[in-house]
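Starting from 1, each residue takes its place in the sequence as its number. This one's a predicted model, so the numbers in the text were calculated from it and none came from an experiment.
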Amino acid sequence: MTTTSAYFISDAHLGDNLPYPAQRQQYLINFLGQIAADASHLFILGDLFDFWIEYRHGVRPDFFPILHALRNLVAAGVKIDYISGNHDFALGSFLGDKIGIDIHSDHLTCTLQERRLYLVHGDGLIKADTGYHLLKWLLRNRYLQSLFKLLPPDMGIPLATSVSMASRRRNHKKKRTFTYRDYRPVAWNIAQQGFDMVLMGHTHQPELLQHGNWFYCNLGDWIGNYSYARLNGGNLDLFRFRPDGSPEPMAVQRVAIV
């Protein structure tokens, strides 16, 4: 088996009440099974789960299939790194101890295939999103998470799911002062710290932009886009996963980022 490719995904929001949850999870499981043939790395850039909080003796049964698929990848020799997002902010030791995934609470930098990468979910990067900066601090507060875990899972999980859905509805109705395009100059500022490629998720808008020799990739989501990135031979490409399993290439846009 030749392991030459690194794959990147984000924003599947498994466990939510969005359309076609079983189909979306199955597509992702099929994708994970396919990449085992050539993957050296899989990077999950946040919000794989719509809500994840670890109870000492409990894991949501509806997550078993995807956890099994991830464990199979690890067993096949694929290194998996998981960066927490704004929905799966309470990742604990389970994924590392039981599945074999390396967990990162904020961002990850690495050199791969002679490319210097900066990987992040993307939440909180826009200065204008002042309200979320406070919310992020509250959500990631370990003391508050411990208090939440005092609720039994049969109460805590439905409560968290309803809060997540209410937040999503509010965000759809609220007028934002920024769009997904505002993440481009943010990524460019990060790149100037010595990175060849900046990858993130969060916006659910897949795009691959080239500015000179530098690339910015937003991974999109596995809700409607089924999009993912692949780094092979130092070249970064963005694809859509199709029901028949074949990749649909997405074009590189060459735009003025700044």
Side-chain angles (χ1 to χ4, degrees), residues 1-12 14 24-48 66 69-70 72-83 85 101-102 104 107-122 180 183-184 187 190-191 195-255:
M1 179 178 65
T2 302
T3 56
T4 58
S5 297
Y7 291 88
F8 308 81
I9 61 172
S10 74
D11 295 278
L14 300 178
R24 292 190 289 110
Q25 179 170 244
Q26 189 58 54
Y27 282 179
L28 187 54
I29 289 171
N30 293 346
F31 165 76
L32 295 177
Q34 286 183 11
I35 69 173
D38 76 319
S40 60
H41 295 73
L42 171 67
F43 296 93
I44 303 170
L45 270 59
D47 289 0
L48 177 65
I66 196 69
L70 291 169
N72 284 343
L73 265 187
V74 172
V78 179
K79 185 179 187 306
I80 303 180
D81 289 273
Y82 192 142
I83 301 167
I101 297 173
D102 289 338
H104 311 273
H107 69 276
L108 173 64
T109 64
C110 62
T111 299
L112 202 61
Q113 301 176 20
E114 299 184 354
R115 298 291 186 265
R116 184 70 172 154
L117 308 180
Y118 187 99
L119 311 174
V120 66
H121 178 63
Y180 70 93
Y183 288 83
R184 297 172 181 177
I190 294 172
F195 297 97
D196 302 303
M197 299 174 178
V198 177
L199 294 92
M200 67 177 72
H202 188 53
T203 72
H204 295 217
Q205 296 284 341
E207 58 178 359
L208 178 57
L209 309 180
Q210 182 178 1
H211 184 77
N213 294 321
W214 168 79
F215 289 85
Y216 162 58
C217 181
N218 194 289
L219 300 172
D221 62 31
W222 280 76
I223 296 174
N225 291 298
Y226 304 105
S227 47
Y228 64 95
R230 183 189 69 191
L231 183 66
N232 180 271
N235 299 312
L236 187 66
D237 296 290
L238 189 62
F239 299 93
R240 296 185 195 274
F241 181 85
R242 297 188 291 195
D244 64 1
S246 60
E248 177 186 339
M250 301 177 68
V252 178
Q253 304 174 55
R254 290 173 174 82
V255 300

Non-neighbouring partners of [X] that pass side chain to side chain donor-acceptor pair (under 3.5 Å), sequence neighbours left out:
X: N235; value: none
X: H41; value: none
X: Q26; value: N30
X: R116; value: T111

Nearest 0.5 Å, what's the [atom1]-[atom2] distance between [X] and [Y]?
X: L70; Y: I101; atom1: CG; atom2: CD1; answer: 4.5 Å
X: L219; Y: Q205; atom1: CG; atom2: CD; answer: 13.0 Å
X: I223; Y: R24; atom1: CD1; atom2: CZ; answer: 5.5 Å
X: C217; Y: L117; atom1: SG; atom2: CG; answer: 11.0 Å
X: T4; Y: N232; atom1: OG1; atom2: CG; answer: 4.5 Å

Identified side chain to side chain donor-acceptor pair (under 3.5 Å) partner of H121 from the options H104, H202, H107: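 The residue from H104, H202, H107 that satisfies side chain to side chain donor-acceptor pair (under 3.5 Å) with H121 turns out to be H202.
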Can you tell if the side chain of M200 reaches within under 4.5 Å of the side chain of Y216, non-hydrogen atoms only?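 Yes, their side chains come closer than 4.5 Å.
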Min side-chain heavy-atom separation L42-I9 under 4.5 Å: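 Yes; the side chains approach each other to less than 4.5 Å.
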Take I66 and Q25 through the side chain to side chain contact (heavy atoms under 4.5 Å, CB included) test and state the conclusion after the steps. CA-CA 7 Å; I66 196 69; Q25 179 170 244; 3.8 Å; yes
Listing request: all salt bridge (charged side-chain N to carboxylate O under 4.0 Å, His left out) pairs with a residue in residues 200-229, at least two apart in sequence or in separate chains.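 Applying salt bridge (charged side-chain N to carboxylate O under 4.0 Å, His left out) to every pair that reaches into residues 200-229, excluding sequence neighbours, yields R184-E207.
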In chain order, what residues pass the ring-ring contact (aromatic ring centres under 6.0 Å, His included) check against Y226, with sequence neighbours excluded?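 Counting only residues at least two positions away or on another chain, Y226 forms a ring-ring contact (aromatic ring centres under 6.0 Å, His included) with Y27, W222.
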Take the angle between the ring planes of Y228 and Y7 and call it parallel below 30°, perpendicular above 60°, tilted in between.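 Tilted, since the angle between the ring planes falls between 30° and 60°.
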Checking R230 side chain against D237 main chain: does a donor-acceptor pair fall under 3.5 Å?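 Pair absent, no side-chain N/O of R230 close to backbone of D237.
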